[in-house]
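Heavy atoms only: backbone and side chains are in, while hydrogens, waters and symmetry mates are out. For ligands, and for the atoms within them, numbers begin at 1 and follow the listed sequence. Keep in mind it's a predicted model, so treat the numbers as computed, not measured.
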Amino acid sequence: MIDSNSSQKIVVLGTGGTIAGHSTLVNDNIGYAAGHIGIETLTQGVPGLAQHLQGQILVFEQLAQIDSKDMDFAIWKSLASRVAMLLVEPDVQGIVITHGTDTLEETAFFLHSVVGSDKPIVLTCAMRPASALSPDGPQNILDALSVVMDANARGVVVVCAGVVHAAEHVQKMHPYRLDAFSSGEAGPLAWIEEGRVRWSFNAKPKRALIRNALTLPETESWPQVEIVLNHVGANGKVVDALLIAGVEGLVVACTGNGTVSNGLMASLQRAMAMGVKVVRSTRCALGRVISISDALVPDSKGLSPVKARVALLLALMK
Ligand code: ASP
């Protein structure tokens, strides 16, 4: 638990996204430029911000200013090491990260895998730009701060539309609605109601550390890990092309319970024989691959294809 007397700083890291987006038309919720407004201006402009805090000082850092469809390894590495360094400062109570919604779940799971801390790291976002008639970002920022200030919050979580999601389970499920995220069958960790966090009965906020953010190698040497899809007519030619391109890991977004066409399976077996690590996930939105005990290709242990890719990427790092 955080000692509220010694932890009085909340760091707000901006990376861009729709939450910092701007359009010249207030009724334009899609034709805007993401990553436009600086993190300090964005946060300080939230109505009721001062009253919402419990005496904490907000500190702002603009770590990136991008549309998260363009998130890359270099930003991931600097974000992860900055977060890890901030968290060991005794007066930092927790961190809020503003991020675009498109790849939010990947960044959340990456940070969850490389930052081991009992302090909260809360990613938040918006589906409407800051210039909208009724933007959702300001409430999401206040909600993210509520989670950081909650004594039970720890590890990496995502806050959107009043719901707190675990990094392992959160997925963007809708391209337009304000409550665009879901934790699927796992359900939310918590809800934020009038600034109070109501934890789910089953919530187990946790920390995870697969790899230390401060010892990540230079991004040029990060392994090439790609996602391939099983679908009608999948014949494995894409795998053969990736082998020529030097791929080191493959996640298969399989049909159903981890099924793969014969043609795709033959090329995956060729890949495995060449030393490429292959993991099966499912393209189904809910559930997980339930493997037979002697399955040729291991399953992703419930991780979605994009998160299984992050896990494989980290596992393959030298
Ligand atoms: N394309 C935007 C982004 O991911 C979408 C959003 O933030 O909602 O940055």
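- For atom 6 (C) of ligand 1, the closest heavy atom belonging to the protein is T18 OG1, 2.7 Å.
- Ring geometry for F73 against W222 counts as tilted: the plane angle lies between 30° and 60°, on a 0 to 90° scale.
- Between N257 atom CG and C284 atom SG the span is 8.5 Å, to the nearest 0.5 Å.
- For the atom pair CD1 (I121) and CG (L87), the distance works out to 5.0 Å, reported to the nearest 0.5 Å.
- For the atom pair CG (L111) and CG (L79), the distance works out to 5.0 Å, reported to the nearest 0.5 Å.
- If you look at C125 next to ligand 1, there are no close heavy atoms at all, none under 4.0 Å.
- Counted by atom type alone, K77 and T219 present zero donor-acceptor pairs between their side chains at under 3.5 Å.
- Among the atoms of T103, none of the N or O lies under 3.5 angstrom from an N or O of ligand 1.
- Within the 4.0 Å heavy-atom shell around ligand 1 one does not find G35.
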Show every donor-acceptor pair shorter than 3.5 Å between a side-chain atom in residues 133-148 and any protein atom, with sequence neighbours excluded, or say none if there are none.
unit_1	atom_1	unit_2	atom_2	d
D136	OD1	M127	N	3.3
D136	OD1	R128	N	2.9
D136	OD2	M127	N	2.8
Q139	NE2	D143	OD1	3.0
N140	OD1	A161	N	3.1
N140	ND2	C125	O	2.8
S146	OG	H52	NE2	2.8
S146	OG	L142	O	3.1
S146	OG	G195	O	3.4

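- Checked by distance only, ligand 1 and H99 stay at 3.5 Å or farther apart across all their nitrogen or oxygen atoms.
- Close approach of ligand 1 to D67 (heavy-atom distance below 4.0 Å) involves ligand atoms 1 (N), 2 (C), 3 (C), 4 (O), 9 (O).
- Using modelled atom types and a 3.5 Å distance limit, the side chains of T255 and N230 yield a donor-acceptor pair.
- In terms of protein heavy-atom proximity, atom 4 (O) of ligand 1 is nearest to S68 OG, 2.5 Å.
- Nearest protein heavy-atom neighbour of atom 8 (O) of ligand 1: T101 OG1, 2.5 Å.
- At least one N/O-N/O distance between A126 and ligand 1 falls below 3.5 Å.
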